[in-house]
Amino acid sequence: MQNHSKFMKRAIELARISIHKNHGGPFGCVIVKNGRIIGEGHNRVTIDSDPTAHAEVVAIRNACSKINDHQLTGCELYTTCEPCPMCLGAIYWARPKMIYYGSTRKDAADAGFDDDFIYHQLHVEPAERKIKMIPLERPEALLLFDDWRKKEDKKEY
């Protein structure tokens, strides 16, 4: 039986490191497989000048590198806050079996980390989004999918 509290406390410890070292927001994440931590991370957005360096993304990169796989099959993810849309997407692509989280996205919004506008943008047509999206060179871009389908030695994911 795993000690879920132990793993969440480690994620909280990582978030505190981020706070005290001014690396970014108060977020930490731990990835566990078979009762052992295989990856961890804390928010590094400001220290790395990288808007994608959220705790969950950092932990996913760390864990995948450690196990030399792009999938986290059979893993559990412990994060100090309900994942933002970007992190949720990364988590789904990594395919762990479970997510445990501490605070909610409402709690994060109350602390100044409001991702709600991104959740709403997902339902807006691309041309109507706050950051406009304009299709360009679609016929040529579609040929890339033909190339992919024909490739015999591709690694599917």
Side-chain angles (χ1 to χ4, degrees), residues 2-33 37-67 69-138 141-142 144-145 148 156-157:
Q2 293 192 146
N3 186 341
H4 298 296
S5 182
K6 175 179 101 172
F7 298 129
M8 184 58 80
K9 286 181 193 254
R10 176 60 182 155
I12 290 168
E13 183 180 323
L14 292 165
R16 288 194 193 287
I17 290 170
S18 180
I19 294 168
H20 295 301
K21 290 188 173 185
N22 284 325
H23 285 181
F27 306 101
C29 182
V30 169
I31 299 173
V32 173
K33 185 166 189 167
I37 295 175
I38 63 162
E40 56 183 34
H42 59 76
N43 190 290
R44 298 186 54 86
V45 168
T46 57
I47 192 72
D48 291 349
S49 299
D50 180 355
T52 70
H54 289 198
E56 296 91 340
V57 173
V58 171
I60 288 168
R61 290 174 181 160
N62 182 265
C64 287
S65 177
K66 186 177 261 182
I67 64 172
D69 196 345
H70 63 280
Q71 302 281 276
L72 296 174
T73 306
C75 294
E76 297 171 323
L77 188 142
Y78 296 80
T79 182
T80 58
C81 187
E82 179 181 354
C84 76
M86 176 187 70
C87 292
L88 190 59
I91 291 166
Y92 269 88
W93 281 115
R95 294 179 176 90
K97 69 178 180 179
M98 184 78 67
I99 302 168
Y100 298 94
Y101 65 95
S103 55
T104 67
R105 67 188 197 194
K106 169 83 168 81
D107 298 327
D110 290 346
F113 297 93
D114 192 356
D115 300 321
D116 201 46
F117 74 98
I118 299 172
Y119 284 101
H120 290 297
Q121 287 291 296
L122 297 173
H123 301 287
V124 175
E125 287 298 318
E128 302 303 317
R129 291 183 177 151
K130 185 172 178 148
I131 298 175
K132 298 283 190 248
M133 298 179 67
I134 301 168
L136 186 64
E137 302 292 340
R138 183 169 181 245
L142 282 172
L144 297 169
F145 292 120
W148 175 254
E156 305 243 6
Y157 61 98

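Everything numeric here is computed off the predicted structure, so don't read it as measured data.
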Study note, to complete from the structure: Arg44 meets the salt bridge (Lys or Arg N to Asp or Glu O under 4.0 Å) criterion, sequence neighbours left out, with Asp48
Review point. His42: what forms a ring pair (Phe, Tyr, Trp, His ring centres under 6.0 Å) with it, not counting sequence neighbours?
Key: His23
Study note, to complete from the structure: Minimal heavy-atom distance between Arg10 and Glu40, with the atoms involved, is NH2-OE2, 2.6 Å
Check your understanding: With under 30° as parallel and over 60° as perpendicular, where do the rings of Tyr157 and Trp148 fit, or are they tilted in between?
Key -> perpendicular
Exercise for review: Using the side-chain contact (heavy atoms from CB on, under 4.5 Å) rule, take Ile47 and Lys21 through it: C-alpha gap first, then chi angles, then the decisive distance, then the call.
Suggested key: CA-CA 9 Å; Ile47 192 72; Lys21 290 188 173 185; over 6 Å; no
Practice item. To the nearest 0.5 angstrom, please state how far the CD1 atom of Ile31 sits from the NZ atom of Lys66. Key: 10.5 Å
Exercise for review: Dump the intermediate steps for side-chain contact (heavy atoms from CB on, under 4.5 Å) on Arg105 and Asp115, then the final yes or no.
Suggested key: CA-CA 8 Å; Arg105 67 188 197 194; Asp115 300 321; over 6 Å; no
Point to revise | Heavy-atom closest pair, residues Ala15 and Gly28 | key: CB-N, 3.5 Å
Review point. Looking only at atom types and distance, does a side-chain atom of Asp110 sit under 3.5 Å from a main-chain N or O of Asp107, one as donor and one as acceptor?
Key: no
Practice item. Before accepting this row, confirm whether a basic side-chain N of the pair Glu13/Arg16 lies closer than 4.0 Å to the acidic partner's carboxylate O. Key: no
**Study point:** Any residue meeting side chain to side chain contact (heavy atoms under 4.5 Å, CB included) with Phe113, in chain and number order, not counting sequence neighbours
**Key:** Pro26, Phe27, Ala108, Ala111
Exercise for review: Would you give the length of the straight line joining atom CG of Leu72 to atom CH2 of Trp93, rounded to the nearest 0.5 angstrom?
Suggested key: 14.0 Å
